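Some notes on the structure that comes next.
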Amino acid sequence: MTEPTDRAPATEAAGYDPAAVERKWQERWEKQGTNQTDVENGVRPFYALMMFPYPSAEGLHVGNLFAFTGNDIYGRFQRLQGHTVFEPLGFDAFGIHSENFALKVGTHPADLIPRNIDNFRRQLKRSGLMIDWGHELSTTDPAYYKWTQWLFLQLFERGLAYKKGAAVNWCPNDKTVLANEQVIAGECERCGAKVEQRFLEQWFFRITDYSSRLLANLDWLDWSESTKLAQRNWIGRSDGAEVSFRVQDLADFTGTATIATGLSGEYAARPLDIRVFTTRPDTIFGATYLVVAPEHPLVAALTTDDQRDAVGEYRERAAKQDIVTRRVSKEKTGVFTGSFATNPATQQPIPIWVADYVLMEYGTGAIMAVPGHDERDFEFARTFDLPILRVVAGNDADTHGPLDAPYTETQHVHLVNSGEFNGLGVEQAKHAIVAWLAAAGHARGVVNYRLHDWCISRQRYWGPPIPIIYCDGCGTVPVPEADLPVELPYVEDFRPDDTGVSPLARVESWYRVSCPRCGGQARRETDVSDTFLDSAWYFLRYPSTDFDDVPFDEALTKKWLPVTSYIGGNEHAVLHLLYSRFITMVLKDAGRLDFEEPFTRFRAHGMIVRDGAKMSKSRGNVVNPDEYVERWGADTFRTYLMFLGPYEEGGDFRDQSVAGVRRFLDRLWTSAVDARTDGAPDAAVLRKLHQTIKKVSEDIPALAYNTAIAAMMAYLNVVRRDERPAHRDEVLPLVQLVAPFAPHIAEELWERFGHDASVFDAGWPTFDPALAAEDAVTIAVQVNGKMRGTVTVPAGSAQEAAIAAAMADQNIAKFVVAAPKKVIFVPGRLLNLVV
RNA sequence: GCCCGGAUGGCGAAACGGGUAGACGCAAGGGACUUAAAAUCCCUUUCCCGCAAGGGAGUGCCGGUUCGAGUCCGGCUCCGGGCACCA
């Protein structure tokens with residue numbers, strides 16, 4: 001399947017030897033510094049950023065190359081437009097990925113990673129990317145992670161980094177804590193193992209402080225809509241209300257028990273209120289019970305003596321239960337507390353339950369259950385035989401009968417069984433009811449976000465140590481900036497164990513340290529930070545890699561940032577891109593940056609599959625770029641990758657189709673080396689040329705690479721239509737157009753046409769509308785909307801001329817059986833005669 | 001379950017704000033060149049009827065708007081991706 005089946009490339013016949021051409025130009029670029037950016041003095045700076053890769057042992061993935069080539073073409077095009085383009089690349093080499101692989105092959109990651117990076121660099125260099133290797137970075141370099149640690153301190157100082165005990169996602173296979181974002185449907189993002197729940201002390205970043213800002217800015221960012229949407233959903237703004245339910249003293253109702261609160265602070269004083277969050281305050285007349293999360297601080301207070309055992313047991317089970325089962329199993333479980341609260345709308349007593357389908361992390365950790373109009377509440381009510389009321393109905397008949405399914409419709413419906421609010425629509429009712437409850441002090445409008453704080457602690461080895469020291473006397477002390485970096489020690493045995501602490505906790509010589517404040521005995525934090533922190537600021541570092549006394553130089557940052565164009569995969573739509581935005585905002589607030597959005601423009605590229613199936617090692621259909629570059633040349637491979645489908649949608653990689661692109665370059669080569677200089681270029685060819693210049697110039701910025709290539713192919717077909725050799729002026733501009741896609745062959749042909757300097761310093765062909773204009777147009781002719789033929793008329797012809805031409809055509813005229821009742825004429829396009 | 005994409009020839013795919021469906025490429029068939037093959041070049045290629053001229057049908061399915069729908073609207077089906085008890 002992966003074996004190349006077709007014939008050898010047309011090397012000899014065409015005289016085009018990509019291996020030789022590519023070697024020559026890669027050497028020359030390197031020698032002449034063609035791809036090096038003058039970051040200090042470059043004019044019209046254009047920062048063309050691509051998401052840096054994780055340097056895996058398998059080498060460069062074709063998906064990487066697809067992404068990079070797309071960025072490279074855009075960058076080269078901008079350079080040809082007169083920008084100073086900065087196209088750096090680095091390596092995201094910390095993290096569980098590397099560590100797990102190192103464990104598997106029994107090599108230390110510190111030995112493995114440099115080897116992988118060397119291999120990546122080699123592969124990237126032969127791919128013809130315009131990378132400025134003078135600004136390469138690796139997140140594992142102490143000179144880099146020194147500043148990652150510095151970043152942590154910036155957040156710490158501003159109160160944005162804090163430590164708390166938390167139920168966390170624990171991967172029993174990787175033996176580490178995972179961020180919520182790294183848990184995919186209850187499984188570890190990296191290894192697929194079922195995630196469990198553990199309770200650990202963790203470092204968090206207060207990204208939730210920035211929820212509304214992160215959300216609001218999306219409105220004006222020039223990003224792929226799909227990415228913005230993913231972020232919006234992730235941040236998850238919910239507009240709703242917080243409603244208070246007064247807990248009733250059981251004595252008033254049953255005369256058997258009273259509520260022992262035993263609480264301090266906010267809840268100490270009776271009467272007791274339970275605050276719930278709801279997005280459907282309009283349904284409050286249908287709230288027939290309350291549910292609080294098992295972890296809710298009021299549970300003990302709410303539980304009556306006769307329910308104490310059952311509730312205790314339930315909470316214990318919930319605490320032990322892994323997050324997976326709790327999340328994935330939709331089966332409703334719960335237990336009655338024995339207490340009741342008053343529904344502030346109906347004044348009726350409703351029971352208070354404890355159930356794990358209510359999450360402590362969201363809202364207030366308590367809900368009002370409206371089983372008639374919420375699927376989960378309905379299911380729960382069915383299970384425990386709780387009353388189900390209808391308070392919303394559609395306009396159609398039979399809406400007052402009993403409900404056998406939750407009715408969740410919100411459009412074209414109205415309230416019923418809701419007192420004075422009957423007849424109102426959902427939106428109206430929300431406002432009216434919240435206002436009504438608020439007047440009595442029972443409710444207020446509230447906005448909630450799904451976004452959680454970012455847990456950055458990792459109980460692993462292969463990451464930057466978190467720069468914190470714990471002193472018995474002084475408490476939690478940040479490592480002074482002057483002492484950075486806190487170097488990751490070389491440890492032979494870096495395996496995580498299931499104690500829940502980092503392997504660094506086993507290195508006493510490393511963690512024992514004197515307190516920077518009092519000099520007393522102290523110990524280092526042994527957790528390392530999340531890889532996503534490494535990648536949340538790397539784009540700030542690139543221009544400033546030569547500076548070791550600052551994370552990013554002020555002047556260079558002003559010049560190059562925010563990033564002009566960022567291209568990457570949508571798999572990072574919520575994690576990396578959100579964290580980068582957050583970190584940038586924090587640095588802005590800290591006065592370190594004068595912008596708060598790091599990426600002015602972002603475009604997500606599509607995914608590339610092979611023969612209609614996802615590429616995977618197990619399927620054995622992974623494309624190894626080396627083989628293809630070897631066989632066809634980097635120019636052909638690059639151009640093919642961009643030709644196989646729309647860049648932002650991805651496409652289907654087919655071995656057979658690579659040949660077509662190679663044939664195109666072969667023909668381009670032949671036409672160029674055989675080009676004549678005598679005589680004049682053909683007018684019709686020039687017309688097509690200028691149409692092509694226009695098309696390609698418009699397509700590249702839109703990342704419509706596939707159609708740009710198609711247009712160049714079509715043009716070359718026109719150039720070659722006649723027997724005579726092409727004229728130099730017909731081919732030379734095509735060499736320029738093709739340069740962003742196939743840089744080596746373009747340089748070679750450009751040189752053969754007598755130029756000394758790089759084609760990338762020669763500018764872009766200019767489009768001349770006058771030369772592109774057609775003097776005759778073919779327009780479609782319809783009779784009664786049905787295609788009956790075409791007529792060719794001089795450009796700019798009026799309706800009358802078009803009709804005359806159409807009627808002169810017997811095949812069209814025969815359908816015009818009567819005088820047209822109506823004529824639709826679209827100049828240059830179409831004529832429709834309605835008879 | 002919810003939210004996004006998508007569905008067009010044998011295949012990958014084109015089609016600017018409704019306006020000649022299938023550009024460009026692959027594969028296939030035929031031809032030229034060659035002792036032969038490869039490479040290269042030329043022609044054909046959505047389907048059906050027809051020797052042809054020409055005609056009919058056709059962009060996942062059903063319906064609608066319009067002079068005109070791949071494109072817009074309503075209702076489905078299937079495929080891909082993401083989220084998942086978020087009240």
Side-chain angles (χ1 to χ4, degrees), chain A residues 6-14 184-186 225-226 229-230 232-234 236 238 240 276-280 283 291 326-332 355-359 361-370 374-377 379-380 448-452 570-571 573-574 606-607 609 611-612 614 640 643-646 649-661 663-664 666-667 670 695 698 704 706-714 717 720 723 778-790 810-811 820-826 828-835:
Chain A
D6 35 358
R7 305 157 295 258
T11 307
E12 277 103 310
I184 309 295
E225 275 309 315
S226 58
L229 196 71
R232 281 194 187 103
N233 291 339
W234 191 263
S238 279
V276 307
F277 175 72
T278 179
T279 53
R280 294 292 307 277
T283 61
V291 186
R326 176 156 176 179
R327 284 212 172 151
V328 172
S329 151
K330 306 263 161 150
E331 217 153 279
K332 296 291 179 290
D356 67 359
Y357 83 94
V358 172
L359 310 173
E361 314 89 77
Y362 187 74
T364 60
I367 62 154
M368 64 175 211
V370 184
D374 181 278
E375 308 223 359
R376 297 149 300 180
D377 298 343
E379 214 181 305
F380 189 82
N448 258 313
Y449 297 93
R450 304 179 58 152
L451 188 65
H452 293 92
N570 233 348
E571 68 273 16
V574 288
M607 231 183 47
V609 298
D611 299 318
K614 203 169 175 167
Y640 174 64
F643 184 60
L644 56 70
E649 284 165 42
D652 195 358
F653 191 100
R654 308 231 160 195
D655 279 23
Q656 273 192 327
S657 303
V658 185
V661 171
R663 281 198 271 267
F664 166 61
D666 282 336
R667 290 179 195 134
T670 314
K695 172 81 176 149
E698 287 169 357
N706 55 334
T707 49
I709 294 164
M712 290 188 285
M713 287 172 166
N717 290 344
R720 295 166 51 83
E723 296 288 308
T778 302
I779 65 174
V781 181
Q782 299 182 343
V783 179
N784 290 335
K786 226 170 167 40
M787 268 297 295
R788 292 303 177 187
T790 58
Q810 200 39 50
N811 282 323
K821 282 185 293 200
K822 189 174 175 186
V823 176
I824 288 108
F825 179 66
V826 184
R829 280 241 176 240
L830 158 138
L831 175 71
N832 187 8
L833 303 169
V834 185
V835 298

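Numbers restart at 1 for each chain; the letters A, B, ... are given by sequence-line order, proteins then strands. Note that the coordinates shown come from a computational prediction; the quantities given were computed from them, not determined experimentally. All values below were derived from every heavy atom in this structure, side-chain atoms included, with hydrogens, water molecules and symmetry-related copies excluded.
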Atom-to-atom span, OH of Tyr357(A) to C1' of G1(B) - whole angstrom: 16 Å

Ring center gap for Phe664(A) and Phe643(A) short of 6.0 angstrom: no

Watson-Crick or G-U wobble mate for C26(B), both contacts under 3.5 Å: G10(B)

Sugar-phosphate, base or nothing in reach of Phe664(A), heavy atoms under 4.0 Å: nothing

Side-chain donor or acceptor of Asn832(A) paired with backbone N/O of Ile824(A) under 3.5 Å: no

Base-pairing mate for A38(B) - Watson-Crick or G-U, with both contacts under 3.5 Å: none

Base-pairing mate for G74(B) - Watson-Crick or G-U, with both contacts under 3.5 Å: C62(B)

Proximity to the side chain of Trp234(A) - top-ranked nucleotide from A84(B), A14(B), C24(B): A84(B)

Nucleotide G10(B), atom P - distance to CG of Asp611(A) in whole Å: 19 Å

For atom CG of Leu644(A) and atom P of G25(B), their distance in whole Å: 16 Å

Sugar-phosphate only, base, or nothing, as touched by Thr790(A) at under 4.0 Å among non-hydrogen atoms: base

Touch class at under 4.0 angstrom, heavy-atom based, for Thr778(A) against every strand present: base

Touch class at under 4.0 angstrom, heavy-atom based, for Arg654(A) against every strand present: sugar-phosphate

Any Ser238(A) side-chain nitrogen or oxygen under 4.0 Å from OP1 or OP2 of A87(B): yes

Short side-chain N/O contact to A84(B) OP1/OP2 from Asn233(A), under 4.0 Å: no

Over all atoms of both residues, closest heavy-atom pair of Tyr357(A) and Ala369(A): OH-CB, 4.4 Å

Spacing of Asn706(A) atom CG relative to A14(B) atom P, expressed in whole Å: 5 Å

First encountered from the 5' end of RNA chain B, between Gly236(A) and Gly651(A): Gly651(A)

Test item: Asp652(A) side-chain N/O and Asp611(A) main-chain N/O as donor-acceptor pair under 3.5 Å: yes

Sugar-phosphate only, base, or nothing, as touched by Ala714(A) at under 4.0 Å among non-hydrogen atoms: sugar-phosphate

Partner nucleotide, any strand, of C33(B) [Watson-Crick/G-U, under 3.5 Å]: none

Phosphate OP1/OP2 of C41(B) contacted by Arg663(A) side-chain N/O (<4.0 Å): no

Cation-pi, Phe380(A) ring and Lys332(A) (6.0 angstrom, 45 degrees): no

Pairing partner of G1(B) (Watson-Crick or G-U wobble, both distances under 3.5 Å): C83(B)

Sidechain-backbone polar pair: Asn811(A) side chain, Arg788(A) backbone, donor-acceptor under 3.5 Å: no

Nearest-Å distance for atom pair CG/C1', residues Leu830(A) and A69(B): 13 Å

Side-chain (Asp374(A)) to main-chain (Asp377(A)) donor-acceptor, under 3.5 angstrom: yes

Side-chain N,O (Arg720(A)) to OP1/OP2 (C42(B)) below 4.0 Å: no

Sugar-phosphate only, base, or nothing, as touched by Asn570(A) at under 4.0 Å among non-hydrogen atoms: nothing

Contact letters for nucleotides 52-60 of chain B, in which S counts primed atoms plus P, OP1 and OP2 and B counts the base, heavy atoms under 4.0 Å: --SSSS---

Whichever of Lys695(A) and Asp652(A) has its nearest RNA chain B nucleotide further upstream toward 5': Asp652(A)

Polar pair under 3.5 Å, donor/acceptor by atom type, side chain Lys332(A), base C85(B): yes

Sugar-phosphate, base or nothing in reach of Ile824(A), heavy atoms under 4.0 Å: base

